[in-house]
There are 2 protein chains.
Amino acid sequence: MGRPPMEKRSRVPEPTISRLATYFRCLAELQDQQVAVVSSEEIAFRAGVKASQFRKDLSYFGEFGVQGLGYPVPHLLRRVSSILQLDQAHKVALLGAGNLGTALAGFPGFSRWGFQILWIFDASPAKVGQSINQIVVESSSALPRPLGADLGILAVPTQAAREAAQLLVDSGVTALLNFTGAHLHLGPQVTVRNVDLTHELAVLAYHATQLQKAVDP
Amino acid sequence: MGRPPMEKRSRVPEPTISRLATYFRCLAELQDQQVAVVSSEEIAFRAGVKASQFRKDLSYFGEFGVQGLGYPVPHLLRRVSSILQLDQAHKVALLGAGNLGTALAGFPGFSRWGFQILWIFDASPAKVGQSINQIVVESSSALPRPLGADLGILAVPTQAAREAAQLLVDSGVTALLNFTGAHLHLGPQVTVRNVDLTHELAVLAYHATQLQKAVDP
DNA sequence: TAGATTGTTAATCGATTAACAATC
DNA sequence: TAGATTGTTAATCGATTAACAATC
């Protein structure tokens, strides 16, 4: 019955997904502030985008607003978190218990958004058996094995990246957050997001001097 | 004299800068492997882009190749690192000496690319005076003061982000790597790169289920 | 010279934005 | 109803890619 013409589900652009995560954060804030309804103008401003961008982004997933009024915050928040799957917990496997891995294991933002690190693996015997955040570090040699993990985080040294990534994939992980500088080619079955710190700093280094040039001639 | 028609320096697209950092890494690898000359086809393949993309990206900065031959690796590496300012050291100020900040302070990738963390600040008296990687943690209340830092890294709790960012800006930092989830509006004088871990995980969560849907109907 | 590969132009593609009819 | 704001279409913008003349 009145179901809207599905298969408007044309391919969703990647930038739209990324912005959806931003909208989610804004909506959570509005919810906290007990705001009942928000206009596209207002939320777009908070998210740092154009109002038409916001409406267009939502339009890939359906209709969520009331003409002449705006968007009911609780309802939209529920819908966006459902789209991003943030309405359910996600089991995360972490590879690498060095400085970075340890920091990530304790990162408060993760649990707040429903991401639970349930496994930590490390290649070094010195690390294996230690507890980090109530999780006992296992040996990497215990992989691959079926984990039932939704996401994987790669925080091993760059040289170990390829092998470690493959262990996760062979353990059934289909989405990977990669902190090693390495480029991973894992096929279309696996989504990879790269966080490359030196890459970011290189881009900043370029801009820092560009800005200085703009100041002194 | 024979200087090529400058002011081809039209605005350089942001994605180009980001890819330049990738090319830099590839070139460093080729250099290590003693490769003397590389074609756009070969290096583009390694960087995961189209050959024409690579050539177009370079064209914003000049001509670096030899027709019929390819690009001399050592020369191109020098030029790219000069464009990205990676041929000189960068002084970095770090705000936040928690788990993440501490991990970043010890990150081996930074020093290898010429980024030197020279200052660490933290608000907590418990942290002040401690040494991390041979650097004594100073109190945030010692800021703002002119640092002569090129880059800043923000690794404080999200709630402290805005204030901490302003301290760095008031200390003369014009380029900022922001690990807090907060959106910073610091004006056009300051470049900000955001690394938002929960944001990345949210995008991955979406893709992970998309992929599962693709497998089971 | 013949073959290869660059640098650049023009065509294509996709994402952003403005505009507006639909409608609460 | 009049005013406001959505959802969507069409126009704009910018980035990617293909094609090719220049030239080593």
Side-chain angles (χ1 to χ4, degrees), chain A residues 2-23 27 30 35-73 75-77 79-80 83 203, chain B residues 2-23 27 30 35-73 75-77 79-80 83 203:
Chain A
R3 192 145 68 96
M6 239 346 151
E7 239 40 55
K8 65 156 38 204
R9 239 169 220 337
S10 63
R11 206 192 105 280
V12 181
E14 189 63 24
T16 291
I17 304 299
S18 178
R19 282 190 297 266
L20 233 42
T22 307
Y23 304 151
L27 285 163
L30 288 163
V35 178
V37 172
V38 69
S39 70
S40 59
E41 201 64 60
E42 167 69 16
I43 193 173
F45 174 77
R46 291 181 180 230
V49 303
K50 292 269 161 72
S52 51
Q53 175 86 269
F54 172 79
R55 298 200 297 272
K56 177 87 176 155
D57 284 338
L58 287 191
S59 76
Y60 289 101
F61 301 96
E63 310 189 354
F64 308 97
V66 184
Q67 267 127 332
L69 235 131
Y71 301 81
V73 171
H75 175 243
L76 184 56
L77 177 57
R79 296 300 307 273
V80 171
I83 291 165
V203 173
Chain B
R3 193 142 67 97
M6 242 340 155
E7 238 41 53
K8 66 155 41 204
R9 241 170 218 338
S10 64
R11 206 192 106 279
V12 180
E14 190 63 23
T16 292
I17 303 299
S18 178
R19 283 191 297 268
L20 233 43
T22 307
Y23 304 151
L27 285 163
L30 288 163
V35 177
V37 173
V38 69
S39 69
S40 59
E41 203 62 61
E42 168 68 15
I43 193 174
F45 174 77
R46 292 180 180 229
V49 303
K50 290 269 159 74
S52 50
Q53 176 85 270
F54 171 79
R55 296 200 298 273
K56 177 89 176 152
D57 283 338
L58 286 191
S59 76
Y60 289 100
F61 301 96
E63 311 190 354
F64 308 97
V66 183
Q67 267 128 332
L69 236 132
Y71 300 83
V73 171
H75 175 244
L76 184 56
L77 178 56
R79 296 302 306 273
V80 171
I83 292 166
V203 173

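Each chain gets a letter, A, B and so on, in the order the sequences are listed, and its residues count up from 1. The structure displayed is predicted, hence computed values, not measured ones.
Between B:R19 and D:dT16, a side-chain N or O to OP1/OP2 separation shorter than 4.0 Å is present. The phosphate of D:dA4 has neither OP1 nor OP2 within less than 4.0 Å of any side-chain N or O from A:Y71. Contact annotation: A:S40 side-chain N/O to D:dT5 OP1/OP2 distance is not under 4.0 Å.
Nucleotide D:dT17 holds its P atom 13 Å from the CD atom of B:E41, rounded to whole Å. The CZ-P distance, from B:F64 to C:dT8, rounds to 10 Å in whole Å. Taking atom CD on B:E63 and atom C1' on C:dT6, their separation rounds to 9 Å, with Å as the unit. Note: CD1 (B:I43) to P (C:dG7) measures 12 Å, nearest angstrom. Remark: P of C:dA15 and CG of A:L58 are 17 Å apart, rounded to the nearest angstrom. Taking atom CG on B:L76 and atom P on C:dT5, their separation rounds to 16 Å, with Å as the unit. Following rounding to the nearest Å, B:E42 (CD) and C:dA4 (P) show an atom-to-atom distance of 16 Å. Computed from coordinates, the A:F54 CZ to C:dA18 P distance equals 17 Å when rounded to whole Å.
In this structure, B:A47 and B:T22 approach most closely via the heavy-atom pair CB-CG2, 4.0 Å.
Side-chain proximity of A:S39 to the nucleotides C:dA18, D:dT6, D:dT17 is greatest for D:dT6. For A:R55, counting side-chain heavy atoms from C-beta on, the closest listed nucleotide (C:dT9, C:dG7, D:dG7) is D:dG7. Closest to the A:K56 side chain, of the nucleotides C:dT16, C:dA18, C:dC24, is C:dT16.
B:F54 and B:F45 have their aromatic ring centers separated by at least 6.0 angstrom.
Across every strand in view, D:dA18 sits in a pair with C:dT9 that passes the Watson-Crick or G-U test at under 3.5 angstrom. Judged by Watson-Crick or G-U wobble contacts below 3.5 Å, the nucleotide C:dT23 has D:dA4 as its partner.
A donor-acceptor pair is defined here as one N or O able to donate and one able to accept, closer than 3.5 Å; such a pair exists between the side chain of B:S59 and the backbone of B:K56.
Among the heavy atoms of the strands, none lies under 4.0 Å from A:T16. Base contact: A:S52 has a heavy atom under 4.0 Å from a base atom.
Residue B:V38 is the one, among B:V38 and A:V66, whose nearest nucleotide of DNA chain C lies closer to the 5' end (criterion: closest heavy atom).
Side chains of B:R55 and B:Y71 form a contact here, defined as non-hydrogen atoms less than 4.5 Å apart.
A 6.0 Å sphere centred on CZ of A:R79 holds no more than 12 heavy atoms belonging to other residues, nucleotides or ligands.
For A:Q67 and D:dT6, a side-chain-to-base donor-acceptor distance below 3.5 Å is present, hydrogens and geometry of angles not being considered.
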